[in-house]
Participant: 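I am attaching a structure below and will ask some questions about it afterwards.
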Amino acid sequence: MPDLSLSDHVALLDIPWPYIEKEARDRGSYILVLRLAEDRSLDVGRAGRFFFRKGFYLYAGSAMANLTARMGRHVARRKQFHWHIDWLRSVAAVHAVLPIRSSARLECTIAEALREHSAWSIPGFGCTDCGCASHLFGSPDDPLRSARFQRLLLSLRMDGYERATAPHA
Ligand SMILES: [Zn+2]
């Protein structure tokens with residue numbers, strides 16, 4: 001109403017329940033953000049020795065079940081190392097873990113997007129099971145303080161929804 005009073009007309013909101021039931025589960029991908037205080041060389045299991053400049057590191061991973069537990073596993077310090085990122089985690093601080101819930105495995109799409117947003121990458125890191133050049137990217141600045149990175153995160157979280165609910169042409 002022009003005078004800001006409430007209208008008597010009530011409309012039903014169209015809620016896409018099948019989409020919500022499919023997507024609102026504890027699975028999907030995540031971006032782990034680590035902060036490395038000093039330059040480090042590290043032996044990373046059988047992958048060999050890697051050099052890491054000090055700065056912020058963004059790692060793309062996924063867990064198609066128990067996503068919350070996987071993210072918690074990265075936050076906790078472990079004695080048993082399994083993934084490449086476990087070695088870097090052992091000498092770096094967890095800055096953030098950002099879930100991107102989805103029924104699709106998006107970690108390679110996320111890695112590609114992170115590559116475009118980062119200053120450098122660590123070739124051959126975290127990508128033994130896929131065709132990517134890397135799943136780990138570095139930046140001298142805190143990505144959480146970057147408007148560009150926040151827009152990227154939002155688009156990664158919303159793209160699936162927009163695809164699933166777009167009217168079919
Ligand atoms: Zn990949």
Side-chain angles (χ1 to χ4, degrees), residues 20 22-130 132-161:
I20 289 170
K22 179 161 157 271
E23 298 298 327
R25 293 194 198 168
D26 190 22
R27 63 183 177 184
S29 302
Y30 58 89
I31 300 170
L32 174 65
V33 187
L34 298 176
R35 186 166 39 79
L36 185 66
E38 297 176 336
D39 293 358
R40 290 290 293 255
S41 282
L42 270 184
D43 285 315
V44 177
R46 281 173 296 179
R49 199 161 181 83
F50 289 82
F51 174 72
F52 300 92
R53 286 163 60 183
K54 77 167 187 181
F56 292 87
Y57 283 87
L58 299 113
Y59 171 77
S62 62
M64 299 318 289
N66 303 317
L67 177 63
T68 304
R70 173 69 64 82
M71 294 191 301
R73 185 190 181 286
H74 289 305
V75 174
R77 284 194 183 274
R78 310 275 295 199
K79 292 195 177 78
Q80 299 261 317
F81 295 168
H82 177 66
W83 287 287
H84 289 170
I85 194 66
D86 294 341
W87 275 267
L88 181 60
R89 164 64 186 109
S90 72
V91 297
V94 172
H95 191 57
V97 198
L98 309 165
I100 296 153
R101 287 174 210 283
S102 174
S103 61
R105 186 183 286 274
L106 296 175
E107 64 173 285
C108 296
T109 305
I110 294 166
E112 178 63 23
L114 292 179
R115 187 178 64 75
E116 291 170 17
H117 279 71
S118 303
W120 69 86
S121 71
I122 305 294
F125 195 100
C127 53
T128 41
D129 300 331
C130 63
C132 297
S134 180
H135 272 214
L136 183 68
F137 304 89
S139 166
D141 305 310
D142 182 351
L144 300 187
R145 292 176 174 275
S146 153
R148 192 162 166 250
F149 179 78
Q150 295 291 348
R151 280 195 297 274
L152 169 69
L153 185 61
L154 191 64
S155 74
L156 288 169
R157 285 174 167 164
M158 295 306 292
D159 273 0
Y161 175 80

Participant: How would you list, by chain and number, every residue that makes a side-chain contact (heavy atoms from CB on, under 4.5 Å) with S121, sequence neighbours excluded?
Facilitator: P123, S134, F137
Participant: Quick check: are there more than 12 heavy atoms from other residues, nucleotides or ligands sitting under 6.0 Å from CG of D39?
Facilitator: yes
Participant: Just verifying a value: how many Å separate I110 CD1 and S62 OG, rounded to the nearest 0.5 Å?
Facilitator: 8.0 Å
Participant: How far does NZ of K22 sit from OG of S102, to the nearest 0.5 angstrom?
Facilitator: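 Output value for this atom pair is 7.5 Å.
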Participant: When you compare the side chain of P143 with that of H117, does any pair of heavy atoms fall below 4.5 Å?
Facilitator: no
Participant: Check each of R73, K79, Q80 against D86 using the side-chain hydrogen bond (donor to acceptor under 3.5 Å, both in side chains) test, and report the only one that passes.
Facilitator: R73
Participant: Any heavy-atom pair between the side chains of F149 and L144 that's under 4.5 Å?
Facilitator: yes
Participant: For V44 and L88: C-alpha separation, side-chain torsions, deciding distance, then whether side-chain contact (heavy atoms from CB on, under 4.5 Å) applies.
Facilitator: CA-CA 8 Å; V44 177; L88 181 60; over 6 Å; no
Participant: Before you tell me yes or no, could you show the steps for L156 and L98 under side-chain contact (heavy atoms from CB on, under 4.5 Å), namely the whole-Å CA-CA distance, both residues' side-chain angles and the distance that decides it to 0.1 Å?
Facilitator: CA-CA 11 Å; L156 288 169; L98 309 165; over 6 Å; no
Participant: Indicate the atoms forming the closest heavy-atom contact of R70 with A63, along with that distance.
Facilitator: CB-CB, 3.7 Å
Participant: Looking at A65 and R27, what are the two nearest heavy atoms and their distance?
Facilitator: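 Scanning both residues, the minimum pair turns out to be N-CB, 4.1 Å.
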Participant: Looking at every heavy atom in both V94 and V75, which two are closest together, and how far apart are they?
Facilitator: CG2-CA, 4.0 Å
Participant: Can you confirm whether R77 is buried at CZ, in the sense that more than 12 heavy atoms of other residues, nucleotides or ligands lie under 6.0 Å from that atom?
Facilitator: yes
Participant: Are L36 and L34 side-chain neighbours, meaning at least one heavy-atom pair lies under 4.5 Å?
Facilitator: no
Participant: Looking only at heavy atoms, what is the nearest atom pair of D26 and R101, with distance?
Facilitator: OD1-NH1, 3.2 Å
Participant: Given side-chain contact (heavy atoms from CB on, under 4.5 Å), test Y57 with F125 step by step and report yes or no.
Facilitator: CA-CA 12 Å; Y57 283 87; F125 195 100; over 6 Å; no
Participant: Is there side-chain contact between P99 and R157, with heavy atoms separated by less than 4.5 Å?
Facilitator: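 Side-chain contact under 4.5 Å: yes.
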Participant: Are the charged groups of E38 and R40 less than 4.0 angstrom apart, N to O?
Facilitator: no
Participant: Identify the heavy atoms of H135 and C127 that sit nearest to each other, and give their distance.
Facilitator: CD2-CB, 3.9 Å
Participant: To the nearest 0.5 Å, what is the distance between CD on E112 and SG on C132?
Facilitator: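 Rounded to the nearest 0.5 Å, the CD-SG separation comes to 7.5 Å.
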Participant: Drop me the distance from L58's CG to S139's OG, to the nearest 0.5 angstrom.
Facilitator: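 With rounding to 0.5 Å, CG (L58) is 7.0 Å from OG (S139).
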Participant: Report yes or no: do H74 and Y59 form a side-chain donor-acceptor pair below 3.5 Å?
Facilitator: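 Note: H74 and Y59 side chains miss the donor-acceptor criterion.
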Participant: Looking at every heavy atom in both T128 and H84, which two are closest together, and how far apart are they?
Facilitator: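 Minimum heavy-atom separation between T128 and H84: CG2-CE1, 3.8 Å.
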Participant: For side-chain contact (heavy atoms from CB on, under 4.5 Å), just list the numbers for F52 and V91, CA-CA rounded to whole Å, side-chain angles, deciding distance to a tenth of an Å, and then say yes or no.
Facilitator: CA-CA 11 Å; F52 300 92; V91 297; over 6 Å; no
Participant: The criterion is salt bridge (charged side-chain N to carboxylate O under 4.0 Å, His left out); which residues satisfy it with R145, sequence neighbours excluded?
Facilitator: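 Partners of R145 by the salt bridge (charged side-chain N to carboxylate O under 4.0 Å, His left out) criterion, ordered by chain and then number, come out as D142.
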